[in-house]
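Notes to accompany the following structure.
Throughout, protein chains are lettered first and strands after them, A, B, ... in sequence-line order, and every chain is numbered starting at 1.
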Amino acid sequence: MAKRKAGTEYTAGWYDWESRQVCFSYWKNGERMQHSFNTKWYFFLRREDAEIVACRKFDGLCDEVEEAGPYIKLFLPYYDERREVFIEWLRSKGVEPLEADVHPVDRYMFDSEIKISTNPKILYYDIETDARKGGWEDVGRHRLLSIAYAGRGEKVRCLIADDSDDKGEKDLLNRFFNVIEKYDTLVAWNGAAYDEVVLRARAKHYKLYPRWNTINFLDLMQLFKKYYGRDESGSGVRISFSLENIAKTVLGKGKVKDIAVHRLIDVFNFEPDKLIEYNKRDVEIMQELDEKLGYTEAQTALAHLCNRFLCDRSSKSGYLVDGFVLKHAAKSQTAHFRTKNYNEGQEEERGIEGAFVMDPIIGLHEQVCDLDFSSLYPSIMIAWNVSPEKKIVGEADQLEDYAIAANKAKFSNMTSGSFPTIVKTALDARSHWKKEAARLEKEGQENSVEHRIAKNRSDAWKVLANSMYGMLSSPFARYYDPDCGEAITITGKTIIQKVIKLAGDYGIKVVYGDTDSVFIKSSKDQAIEFAGLAEKYLDEWVKECGALPGLIKLKLDAEFLRIFFTAKKRYAGKKATGKWDVRGLELVRSDGCKYAREFQRKMVEYVLEAAHPNAEGAKEIVMKWADELDEGKVDAEFLLLAQSLSRSIESYKVETLHVRIAKELMAKGKEVYVGMKIPYIVVGKEGARLKAVHIDDYDGKYDANQYWTGKVFPPVQRILEAVLPIPNFEWKSFLKYLNRNKKQANLFGRKKNDGKADPKESGE
DNA sequence: GAATTCTTTTACACAG
DNA sequence: CTGTGTAAAAGA
């Protein structure tokens, strides 16, 4: 057994079946080293439960028992099939085993001072294959042709097989395995579904056994999907997650693929230089993309603070929070949590009630301020000491000090619970790094490495703070406790409703509110003053609840010169800074077509920017866009529709357009996978159903009418109906605007045509 | 070695 | 033509 040196930073961890040790990898003078530790696995029981079952020697399985505060530890071998039986037996006795699913490597890390590297060595890589065998069903049979790779900031290199036979491929693999020896995390685009799968399968095929244990895999596409949030420019880039498309839209790369994927073998045979160039290019794009977006760096910070190595699993909230909470629990011995059990879904798990969303006052408003509660849910958690182990079940002890939440749940207040403690740690750390980032910005170091680190750490702590509520509310989570979850949401509901009511009492008009934000019609100064009053007023109530005052903070988030609402969660406004804030409108959604988005953007611009937006001006815009669509010359790019195939094709109950297109793709033997965007164009109607074709089968003839009535006009219509004071039926008549050319010559029936709003054609 | 939540709008398919 | 269920994608 090795001795750990203080300060050693580990890069990977695993369990060795033969020696029954937990092992960790680290670097020393550029050499990969390994420490192995003997360890005894255990889980917890509540002390009172232990007495009930008196199970100290279950068939000789548990060889040791140790007391740990209000818990006892039961030691037994993790990799023994009798473990499961034992756990079931405990449950049958009404005893809840705690943390009995925690992996030995994790357990060791939580109990010891194992440090995880803050700076894992990242290798971006991409493989090119001959995909003629196996198809998309069995990608493990795709033959490797070349592999391009580069570390962060390094020049991209490319290995190519000498021949497209077994020998060539095996040799290629061996060469690549020598490369990866020097890195910790391998990053590929869609790697979890493709590159990693192929790599492992091909290695197995040739009975090659690189040290997979020391290597972590990370899929950059998954990170992109998760973190590339709202598209500020509203360009709706997410039509396809292919690296090609993302590079085009995020990095502005113009180059189009000039190699068909199914012909890669020909390129390999006849133009190997081209294959190499092509292969390298994807790695360059990944490097550039990651440099710009900083996702792996941010993920490294988050994983690190949750005691996790940088890999795919470290982007799952449940896994991250486990890393933080269980380490905290092991140190403080304050609370241990239930065993996760994936197969028992039939327990009486209930959904929890969520937040309050106010009906907006539909229409256009001037001079509106948005007040936000900062970190509302984390703040409630701290103020009310919401934590599973602090919940008072049954009658509260007379002497016990407790806070009562809006759902009537009571939380003992004597000492701080594990969840509030962690959330407070997270919020404090976040505020520290946020200040640090602000300081660096002030000193003009906005683009420095230090600034990026500060920003990443600030974001990481924020993610952790916000994840804690989800962990109480998910039936799958170890920390699931709906009373705790609802203590937070319903208290939040009460708080926002109190503020809305208070505003009314002060004669301030509230135009909208959602969860933690309130939009009031007021000047900036008045809004700030009101926020201060509201905080004081709320604190009085917080104290009445027995909770901790001073934590619920209401701050001015934005001042809008103009803002309009069309529905709940749908609005657009122009801030005092001149910037727009568009939420929920089709403009910021990826499931419509670009033509509709651009049209809506035009109308939003008119409503937010024109000196006096009015119906006549709006009509001009509408007719211009209708006519252009009707001429039949709009590019495919603007008409392309796409939705994600969110699950397996068989599980769909309704055959929506994109499902139908996906089925056709499959029938043709093309690649179709879960999560894929299916791009198509509407070309007509078949009975009641819409008729659409895959973008590749599109011949340039779209159905203008279907686009106008179904996709293009309605998003604009909703804005017009909300903000322009003319009767609805008149805007509705525009839905049939295209038909006017054929049958409704004088649809608008305007007697006095002032000549401004003239349709291009006469209309017969 | 699976999984953060609820709330909301909108569009299409399908049935009557 | 209308009502209902399913699905996607958003807000927070």
Side-chain angles (χ1 to χ4, degrees), chain A residues 13-15 78 101-106 226 229-231 236 238 308 311-322 340-343 345 350-360 372-373 375-377 463-480 482 484-486 488-490 492-493 496 512-517 557 565-571 581-592 596 641-647 651-660 677-678 682 685-690 692 706 709-711 714-715 717-718:
Chain A
W14 66 95
Y15 186 81
Y78 181 80
D101 60 313
V102 174
H103 192 276
V105 174
D106 282 355
K226 188 168 176 183
R230 230 159 43 83
D231 184 16
R238 285 168 290 169
R308 298 302 191 186
C311 63
D312 283 324
R313 299 188 63 217
S314 299
S315 56
K316 309 275 187 229
S317 310
Y319 185 72
L320 281 171
V321 171
D322 257 8
K340 277 204 221 177
N341 46 320
Y342 303 107
N343 31 17
R350 61 180 181 93
I352 68 161
E353 193 179 316
F356 172 75
V357 186
M358 183 187 138
D359 262 319
D372 276 30
F373 288 103
S375 302
L376 182 63
Y377 284 7
V463 170
L464 178 67
N466 288 338
S467 306
M468 299 302 281
Y469 151 73
M471 290 299 114
L472 295 172
S473 311
S474 168
F476 303 112
R478 191 188 299 287
Y479 318 96
Y480 174 62
C484 289
E486 274 180 350
I488 294 165
T489 54
I490 297 179
K493 217 174 208 177
I496 188 175
Y512 182 55
D514 184 348
T515 312
D516 59 357
S517 69
D557 187 62
F565 299 88
T566 65
K568 285 178 174 180
K569 299 187 187 284
R570 265 144 213 257
Y571 60 88
D581 198 358
V582 182
R583 306 275 165 145
L585 298 182
E586 287 72 6
L587 184 48
V588 294
R589 289 178 67 95
S590 62
D591 54 350
L641 293 160
Q643 277 97 40
S644 297
L645 204 62
S646 63
R647 45 201 152 81
S651 68
Y652 280 89
K653 291 190 176 174
V654 179
E655 196 184 71
T656 56
L657 279 176
H658 79 298
V659 171
R660 211 177 307 152
K677 287 267 188 181
I678 310 291
V682 176
K685 234 178 171 189
E686 262 174 350
R689 287 158 123 213
L690 285 168
Q706 292 307 326
T709 56
K711 283 281 166 194
Q717 186 187 355
R718 286 187 282 272

Exercise. Taking the P atom of each, how far is dA3(B) from dA12(C), in whole Å?
Worked result: 27 Å
For this session: Just jot down the side chain to side chain contact (heavy atoms under 4.5 Å, CB included) partners of K685(A), sequence neighbours excluded, or say none.
Result: L690(A), Q706(A)
Exercise. What is the distance from OH of Y377(A) to C1' of dA12(C), rounded to the nearest Å?
Worked result: 8 Å
For this session: Evaluate the criterion side chain to side chain contact (heavy atoms under 4.5 Å, CB included) for residue pair D322(A) and K340(A); output intermediate values, then yes/no.
Result: CA-CA 11 Å; D322(A) 257 8; K340(A) 277 204 221 177; 3.9 Å; yes
Exercise. Between Q643(A) (CD) and dT6(C) (C1'), how many Å, whole number?
Worked result: 13 Å
Problem set entry | Close side-chain approach of D101(A) and R478(A), heavy atoms under 4.5 Å | yes
Exercise. Within 45 degrees of the axis of the six-membered ring of Y652(A) and under 6.0 Å from its centre: does R647(A) put its NZ or CZ there?
Worked result: yes
Exercise. At under 4.0 Å between heavy atoms, what does S517(A) touch on the DNA or RNA strands: base, sugar-phosphate, or nothing?
Worked result: nothing
For this session: Would you sort out whether D359(A) and Y512(A) count as a side chain to side chain contact (heavy atoms under 4.5 Å, CB included), showing the intermediate values?
Result: CA-CA 7 Å; D359(A) 262 319; Y512(A) 182 55; over 6 Å; no
Problem set entry | Protein-nucleotide distance (E686(A), atom CD; dC12(B), atom C1'), rounded to Å | 15 Å
Exercise. How does each nucleotide of nucleotides 4-10 of chain B score, in 5' to 3' order, for protein heavy atoms under 4.0 Å: base (B), sugar-phosphate only (S), or none (-)?
Worked result: BSSBSBS
Give me the distances for all protein-to-nucleotides 13-16 of chain B N/O pairs that come in under 3.5 Å?
{"residue": "dA13(B)", "atom": "OP1", "partner": "R660(A)", "partner atom": "NH2", "Å": "2.9"}
{"residue": "dC14(B)", "atom": "OP2", "partner": "R689(A)", "partner atom": "NE", "Å": "2.9"}

Exercise. Taking NZ, NE, NH1 and NH2 as the nitrogens, is one of them in E486(A) or K493(A) under 4.0 Å from a carboxylate oxygen of the other?
Worked result: no
Seminar exercise, completed: Separation between CG (D514(A)) and CE (M358(A)), nearest 0.5 Å, reads 11.0 Å
Exercise. Is any NZ, NE, NH1 or NH2 atom of the basic residue among D106(A) and R308(A) found under 4.0 Å from an Asp or Glu carboxylate oxygen of the other?
Worked result: yes
Exercise. Does H658(A) make a side-chain N or O approach to OP1 or OP2 of dA7(C) shorter than 4.0 Å?
Worked result: no
Exercise. How long is the line joining CG of L376(A) and C1' of dG11(C), in whole Å?
Worked result: 15 Å
Exercise. Side-chain donor or acceptor of R313(A) under 3.5 Å from a matching atom on the base of dG1(B)?
Worked result: yes
Exercise. CG of N466(A) to CE of M471(A): how many Å apart, nearest 0.5 Å?
Worked result: 11.5 Å
Seminar exercise, completed: Here the distance between atom C1' of dA7(C) and atom OH of Y652(A), to the nearest Å, is 7 Å
For this session: Identify whether the distance between the nearest side-chain nitrogen and carboxylate oxygen of E655(A) and R689(A) falls below 4.0 Å.
Result: yes
For this session: Respond yes when some side-chain nitrogen or oxygen of S590(A) is under 4.0 Å from OP1 or OP2 of dA10(C), and no when none is.
Result: yes
For this session: Please work out if Y15(A) contacts a base, only the sugar-phosphate, or nothing of the nucleic acid, heavy-atom cut-off 4.0 Å.
Result: nothing
Exercise. At under 4.0 Å between heavy atoms, what does R647(A) touch on the DNA or RNA strands: base, sugar-phosphate, or nothing?
Worked result: sugar-phosphate
Exercise. Given atom CD1 of I496(A) and atom P of dA12(C), what is their separation to the nearest angstrom?
Worked result: 11 Å
Problem set entry | Separation of dA9(C) P from I678(A) CD1 (nearest whole Å) | 11 Å
Exercise. Once you round it to whole Å, what is the distance between C1' of dA11(B) and CG of D591(A)?
Worked result: 9 Å
Exercise. Got a donor-acceptor pair under 3.5 Å from the side chain of D106(A) to the base of dG1(B)?
Worked result: yes
